[in-house]
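Pasting in a structure now, in structure tokens, and then I'll have a few things to ask.
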2 protein chains.
Amino acid sequence: MLSKKTQYAFRALEMLVSRYEQGPVLISDIARKKKIPLKFLENILLQLKKDGILESKKGKGGGYFLAQKPSRVPVARVIRVVDGPIAMLPCVSLYFYQKCKNCDEKHCGLHDIMIGVRDAQLAILEKKTLADLVV
Amino acid sequence: MLSKKTQYAFRALEMLVSRYEQGPVLISDIARKKKIPLKFLENILLQLKKDGILESKKGKGGGYFLAQKPSRVPVARVIRVVDGPIAMLPCVSLYFYQKCKNCDEKHCGLHDIMIGVRDAQLAILEKKTLADLVV
DNA sequence: GATTACCCTACCAAACAAGTAGGGTAGAAT
DNA sequence: ATTCTACCCTACTTGTTTGGTAGGGTAATC
């Protein structure tokens with residue numbers, strides 16, 4: 001399951017998408033409108049900025065805004081930044097791969113199944129973008 | 001990500017599949033061969049039994065064994081018993097549904113995306129069975 | 001009736017999640 | 001230049017989950 005933090009991230013991004021190219025949006029505006037604890041949200045947006053999904057402007061009239069067109073940011077990217085691995089097993093993760101001990105990947109049925117699941121997940125999560133958040 | 005517990009469960013089941021209809025298998029045998037902490041494994045097998053995936057026989061010559069043909073037990077079932085929800089959001093889970101507050105499911109882009117992901121996951125996890133664990 | 005092997009409860013430490021607190025600092029605007 | 005705004009950063013707290021341990025109870029074979 002996605003963490004609450006990640007769900008907050010999506011709710012915040014939703015708002016930034018709908019105000020794309022209309023100037024920076026205040027953290028406090030997002031927090032109030034989306035009912036997210038202010039300081040917790042700060043932390044989330046910072047993470048998204050560090051990854052390059054968001055940009056920010058300081059001082060009066062500042063705030064956060066999308067670094068690129070919503071349709072250029074896959075949902076998968078957001079999940080990886082805030083939540084971590086998408087795959088169901090470390091040994092089939094593309095970005096967070098870890099070898100599983102006591103299991104020969106060449107002869108592991110579970111491994112094969114989870115490769116399939118991962119591909120099915122990514123087929124959607126890499127194609128859908130922030131633009132799809134707003135319906 | 002699946003918990004270590006769930007991965008243990010699959011490793012244990014793998015062994016029970018390969019010895020299907022060859023009599024009960026000792027917990028201690030599974031623990032030793034699959035390198036799973038004995039008492040922890042006990043707990044896992046008990047859970048699987050309670051759900052009806054396994055049966056057991058007490059006393060000398062006892063042990064655990066599959067309650068039905070491996071090909072009749074979907075991988076999804078094991079995950080739900082040991083790990084819980086498969087879906088990425090509570091509001092799209094079939095077996096563990098929970099309404100998400102502050103989000104109208106009728107007009108939530110993320111909701112729609114995650115419905116798609118869930119279906120893609122289940123298409124595989126409901127079709128693949130314990131029989132597929134052993135290659 | 002002794003032994004075997006499952007069954008059950010409780011406990012523990014570490015890690016993570018979710019949220020709080022408080023101040024630091026850069027940058028606009030006046 | 002100063003002031004105010006709003007982002008930036010670190011640390012802490014609290015509660016839950018995870019992974020694992022301990023120890024004994026109980027039912028069923030032989």
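Below, chain A is the first sequence line, B the second, and so on; all start at residue 1.
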> Going 5' to 3' along DNA chain C, which nucleotides are the first and last within contact of chain B (any atom under 4.0 Å from a heavy atom)?
Replying inline: dT4(C) to dC8(C)
> Around F96(B), counting heavy atoms of other residues, nucleotides and ligands shown, do more than 12 lie under 6.0 Å from its CZ?
Replying inline: yes
> When the distance from CG of L48(A) to P of dC7(D) is rounded to whole Å, what number comes out?
Replying inline: 14 Å
Check nucleotides 26-30 of chain D for protein N or O atoms closer than 3.5 Å to its own N or O atoms and list the pairs.
from, atom 1, to, atom 2, distance (Å)
dA27(D), O4', K58(B), NZ, 3.3

Are any protein N/O atoms closer than 3.5 Å to N/O atoms in nucleotides 16-20 of chain D? If there are, list each pair with its distance.
from, atom 1, to, atom 2, distance (Å)
dG19(D), OP1, K4(B), N, 3.0
dG19(D), OP2, K4(B), N, 3.4
dG20(D), OP2, Y8(B), OH, 3.1

>> Counting C-beta onward and ignoring hydrogens, is there a side-chain heavy-atom pair between Q47(B) and K50(B) closer than 4.5 Å?
In response: no
> With a 4.0 Å cut-off on heavy atoms, is L45(B) in touch with a base, just the backbone sugar-phosphate, or nothing at all?
Replying inline: nothing
>> Between L122(B) and R118(B), is there a side-chain heavy-atom distance shorter than 4.5 Å?
In response: yes
> What's the CD-P distance between E42(B) and dA22(D), to the nearest Å?
Replying inline: 13 Å
>> On a heavy-atom basis, which atom in V82(B) and which in K5(B) lie closest, and how many Å separate them?
In response: CG1-CG, 3.8 Å
> Taking the nucleotide of DNA chain C with the closest heavy atom to each, which residue, V25(B) or L38(A), is nearer the 5' end?
Replying inline: V25(B)
> Do other residues, nucleotides or ligands put more than 12 heavy atoms under 6.0 Å from Q22(A) CD?
Replying inline: yes
> Can you tell me how far P of dT10(D) sits from NZ of K39(A), to the nearest Å?
Replying inline: 13 Å
> Checking S18(B) side chain against M15(B) main chain: does a donor-acceptor pair fall under 3.5 Å?
Replying inline: yes
> Taking the side chain as C-beta and beyond, is there a heavy-atom pair between V78(B) and I53(B) under 4.5 Å?
Replying inline: yes
>> Rounding to an integer number of Å, can you tell me how far K49(A) NZ sits from dA6(D) P?
In response: 16 Å
> Do Y64(B) and E55(B) have side-chain heavy atoms sitting under 4.5 Å apart?
Replying inline: no
> Under 4.5 Å between any side-chain heavy atoms of K128(A) and L133(A), yes or no?
Replying inline: no
> Does OH in Y97(B) sit with more than 12 non-hydrogen atoms of other residues, nucleotides or ligands closer than 6.0 Å?
Replying inline: yes
> Hey, is the main chain of I27(B) close enough, under 3.5 Å, to the side chain of R32(B) for a donor-acceptor pair?
Replying inline: no
